[in-house]
J.: 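Quick one: structure below, then a few questions.
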Amino acid sequence: MTSVDLVVVGAGVVGLAHAWHAVRRGLSVAVVERDEHAVGASVRNFGHGCFTAQDGVAFEYAMTAREEWLKLANEAGFWLRESGTLVVARHDDERAVLEEFASVREIELTGEGALLPLDVRVDPREAVHAIAALLAERGVAFHWSTNVLTVEPGLVRTARGEIRCRAAVVAVGHDVDRFFPELAEQHEIQRCRLHMLRVAHDGVIDPAVLTGFSMLRYDAFARCPSIEKVRERLTNDHPELVEAGLNLMFTQLPDGSLTIGDTHHYSRTVDPYRPERLDDLVLTETARLLGVGSLHVLERWRGIYASAPHPFLTATPAPRVRAVSVTSGIGMTTALGLAPPVLDDLLQEL
């Protein structure tokens, strides 16, 4: 088919992040994607750049990614809101966590909870496609609706032919086990299934909105001593919600509707059955948060992302080949910061 410096397998946000940084380094790039456009975790999420609540290396990646999101929104012309995140405190122990969190991060305590001012929102149904279009304009060769068969040093074999390359990045999210099963087993890669919905809403809610359930799922809150009181209370008062892995949050899309969710279930293989009870839990708790009697559902979908004990997979299954996945559900938040060190390491082999 062609010969390039770098082949990226997968046109989700992680793959596009590597293509974006590679092009800026002057490399020729080809992206191979099995579908005719991205339909995975990169479009099935909240569109939330939750930079402030990350910790460790994830926070470093997130802060780099924030600057890249602003550049990309300007250059690709997609919708982005620097509206921050409102973390709602509905109990004294949640308020205590936020007061402790203020000593860790620059946040603004409010009467409702706290505002994390650096966080952003994009429309995930638009942003990834706009980035791909921008990269195509910059010379990236996209091979859509093309299955990759094997990835070897210097060669990617696809259903449409071979692509010769100096290096390759395999960024296929939870499907890393389709290419490198032993590597996936070694790193304990699972699939995390989410229940998410889009509901009608009147009025503007500019920031993303998180709750006490969200505090249990973002690593930076673990620094706060009061988080264990929150965990104990929510487990005692709402055991079904905690067992379902509820992250009670929502973001508003440009048309005014809300993306709400989400529950979490982990397994190697995702069963096709979708328990209605989980949707009911999300709808009931979101309606209670908004102070309304009920919500009108516009869409329902199942999200799937890679999950593992370590938040990032950056492995070398073969010389000049990297397998890269964000294995913690924060790909939109961190991918654009993860890609530069991966490329730095990979290019040392060339």
Side-chain angles (χ1 to χ4, degrees), residues 12 38-48 50 85-88 90-91 94 121-126 128 173-175 190-203 205 207-218 230-231 233-307 328-333:
V39 295
S42 299
V43 302
R44 305 187 197 186
N45 59 77
F46 290 98
H48 181 207
C50 190
T85 297
L86 178 64
V87 187
V88 178
R90 298 186 291 172
H91 195 277
E94 295 172 1
R121 289 190 297 125
V122 298
D123 180 354
R125 301 164 184 245
E126 170 202 28
V128 174
H174 55 272
D175 284 338
Q190 296 189 86
R191 288 167 173 79
C192 179
R193 181 190 71 201
L194 316 173
H195 278 232
M196 301 184 70
L197 306 95
R198 183 169 71 92
V199 299
H201 180 73
D202 294 325
I205 304 176
V209 175
L210 304 181
T211 66
F213 289 98
S214 308
M215 295 178 187
L216 303 183
R217 302 199 62 86
Y218 286 98
V230 174
R231 190 185 312 277
R233 176 180 55 81
L234 291 177
T235 301
N236 290 335
D237 295 350
H238 306 284
E240 186 177 18
L241 302 181
V242 174
E243 183 180 1
L246 178 65
N247 174 15
L248 180 60
M249 65 170 291
F250 61 79
T251 55
Q252 190 165 49
L253 289 163
D255 67 0
S257 62
L258 303 179
T259 299
I260 70 172
D262 55 354
T263 59
H264 298 75
H265 175 76
Y266 303 89
S267 61
R268 293 277 297 275
T269 298
V270 175
D271 289 331
Y273 316 110
R274 182 183 172 92
E276 187 68 15
R277 177 60 180 157
L278 293 179
D279 283 3
D280 290 342
L281 290 175
V282 172
L283 287 166
T284 298
E285 293 305 315
T286 305
R288 183 175 299 154
L289 177 63
L290 289 167
V292 299
S294 62
L295 295 167
H296 174 57
V297 177
L298 301 173
E299 291 177 327
R300 304 170 190 258
W301 65 94
R302 180 177 65 189
I304 303 176
Y305 68 76
S307 177
S328 47
I330 53 174
M332 294 290 278
T333 298

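From a predicted model like this one, the values you see are computed outputs, not experimental measurements.
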J.: With a 4.5 Å cut-off on side-chain heavy atoms, are R233 and E94 touching?
T.: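 Of all side-chain heavy-atom pairs linking R233 with E94, at least one is under 4.5 Å.
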J.: Is the closest side-chain heavy-atom distance between T259 and M196 below 4.5 Å?
T.: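 Yes; the side chains approach each other to less than 4.5 Å.
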J.: Under 3.5 Å, is there a donor-acceptor pair between the side chain of Q252 and the main chain of G203?
T.: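 Yes, Q252 side chain to G203 backbone: donor-acceptor pair under 3.5 Å.
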J.: Quick one: OG on S214 to CG on L248, what's the gap to the nearest 0.5 Å?
T.: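 Taking OG in S214 and CG in L248, the distance rounds to 6.5 Å.
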J.: Going by distance alone, is a donor N or O of one side chain under 3.5 Å from an acceptor N or O of the other, for R198 and S257?
T.: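 R198 vs S257: donor-acceptor pair found between side chains.
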J.: Could you measure the distance from the CZ atom of R191 to the OG atom of S267? Nearest 0.5 Å is fine.
T.: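 So the CZ of R191 and the OG of S267 are separated by 8.0 Å.
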J.: Please name all residues satisfying salt bridge (Lys or Arg N to Asp or Glu O under 4.0 Å) with R231, sequence neighbours left out, ordered by chain then number.
T.: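 Once residues adjacent in sequence are excluded, the partners of R231 under the salt bridge (Lys or Arg N to Asp or Glu O under 4.0 Å) criterion are E228.
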J.: Can a side-chain donor-acceptor contact be found between H48 and T333 if the only test is distance below 3.5 angstrom?
T.: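 No, no side-chain donor-acceptor pair sits under 3.5 Å.
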J.: Taking the side chain as every heavy atom from C-beta outward, state whether H201 and V292 have any pair of such atoms under 4.5 Å apart.
T.: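 A side-chain contact under 4.5 Å is absent here.
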J.: Enter the distance from R44:CZ to D262:CG here, rounded to the nearest 0.5 Å.
T.: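 CG of D262 is found 13.5 Å from CZ of R44.
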J.: According to salt bridge (Lys or Arg N to Asp or Glu O under 4.0 Å), who are the partners of D279, at least two apart in sequence or on a separate chain?
T.: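 D279 satisfies salt bridge (Lys or Arg N to Asp or Glu O under 4.0 Å) with R274, R300 only.
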J.: Working to the nearest 0.5 Å, report the span between NE2 of H238 and CZ of F213.
T.: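 Between H238 NE2 and F213 CZ, I get 5.0 Å after rounding to 0.5 Å.
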J.: Checking L283 against L197 for the side chain to side chain contact (heavy atoms under 4.5 Å, CB included) test, could you report, in this order, the C-alpha distance in whole Å, the side-chain angles of both residues, the deciding distance, and whether it holds?
T.: CA-CA 8 Å; L283 287 166; L197 306 95; 4.1 Å; yes
J.: Does the side chain of F250 reach to within under 4.5 Å of the side chain of L289, using non-hydrogen atoms?
T.: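 Yes, at least one pair of side-chain atoms sits under 4.5 Å.
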J.: Is a side-chain donor or acceptor of D271 paired with a backbone partner of Y273 at a separation under 3.5 angstrom?
T.: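 No; zero donor-acceptor contacts below 3.5 Å.
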J.: Starting from the C-alpha separation in whole Å, work towards a yes-or-no answer on side chain to side chain contact (heavy atoms under 4.5 Å, CB included) for V209 and M249.
T.: CA-CA 5 Å; V209 175; M249 65 170 291; 6.0 Å; no
J.: For W301, is the NZ or CZ atom of R193 found under 6.0 angstrom from the centre of its six-membered ring and inside 45 degrees of the ring axis?
T.: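 Here R193 fails the 6.0 Å and 45° test against W301.
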J.: Can you name the closest pair of heavy atoms from C50 and Y218 and give their distance?
T.: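 Reported closest heavy-atom pair: SG-CE2, 3.7 Å.
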J.: Does H264 reach the side chain of N247, with side-chain heavy atoms less than 4.5 Å apart?
T.: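 Of all side-chain heavy-atom pairs linking N247 with H264, at least one is under 4.5 Å.
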J.: State, yes or no, whether a side-chain contact exists between P207 and T85 at a heavy-atom distance under 4.5 Å.
T.: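 Not in contact.
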J.: Provide the closest heavy-atom pair for R125 versus L253 in the form atom of the first, atom of the second, distance.
T.: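 Where R125 meets L253 most closely, the heavy atoms are NE-CD1, 4.0 Å.
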J.: In the structure I gave you, are the side-chain heavy atoms of T251 and L258 within less than 4.5 Å of one another anywhere?
T.: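 No. Closest side-chain heavy atoms not under 4.5 Å.
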J.: Looking at residues at least two apart in the chain, or sitting in another chain, which of them share a side-chain hydrogen bond (donor to acceptor under 3.5 Å, both in side chains) with H174?
T.: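 For H174, no residue satisfies side-chain hydrogen bond (donor to acceptor under 3.5 Å, both in side chains) once neighbours in sequence are set aside.
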J.: Between V199 and T286, is the side chain to side chain contact (heavy atoms under 4.5 Å, CB included) condition met? List the steps.
T.: CA-CA 10 Å; V199 299; T286 305; 5.7 Å; no
J.: Does CZ in R90 sit with more than 12 non-hydrogen atoms of other residues, nucleotides or ligands closer than 6.0 Å?
T.: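 Above 12, so yes.
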J.: Could you state the interatomic distance from OG1 (T211) to CG (L86), rounded to the nearest 0.5 Å?
T.: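 T211 atom OG1 to L86 atom CG measures 10.5 Å (nearest 0.5 Å).
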J.: Given H265 and L278, is the side chain to side chain contact (heavy atoms under 4.5 Å, CB included) satisfied, shown in steps?
T.: CA-CA 11 Å; H265 175 76; L278 293 179; 5.9 Å; no
J.: Looking at A41 and Y305, what are the two nearest heavy atoms and their distance?
T.: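 Of all heavy-atom pairs spanning A41 and Y305, the closest is CB-CB, 4.2 Å.
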J.: Nearest 0.5 Å, what's the CZ-CD distance between R288 and E285?
T.: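 The CD atom of E285 is 4.0 Å from CZ of R288, to the nearest 0.5 Å.
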J.: Check whether any side-chain heavy atom of L281 lies under 4.5 Å from a side-chain heavy atom of T263, and answer yes or no.
T.: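 Of all side-chain heavy-atom pairs linking T263 with L281, none is under 4.5 Å.
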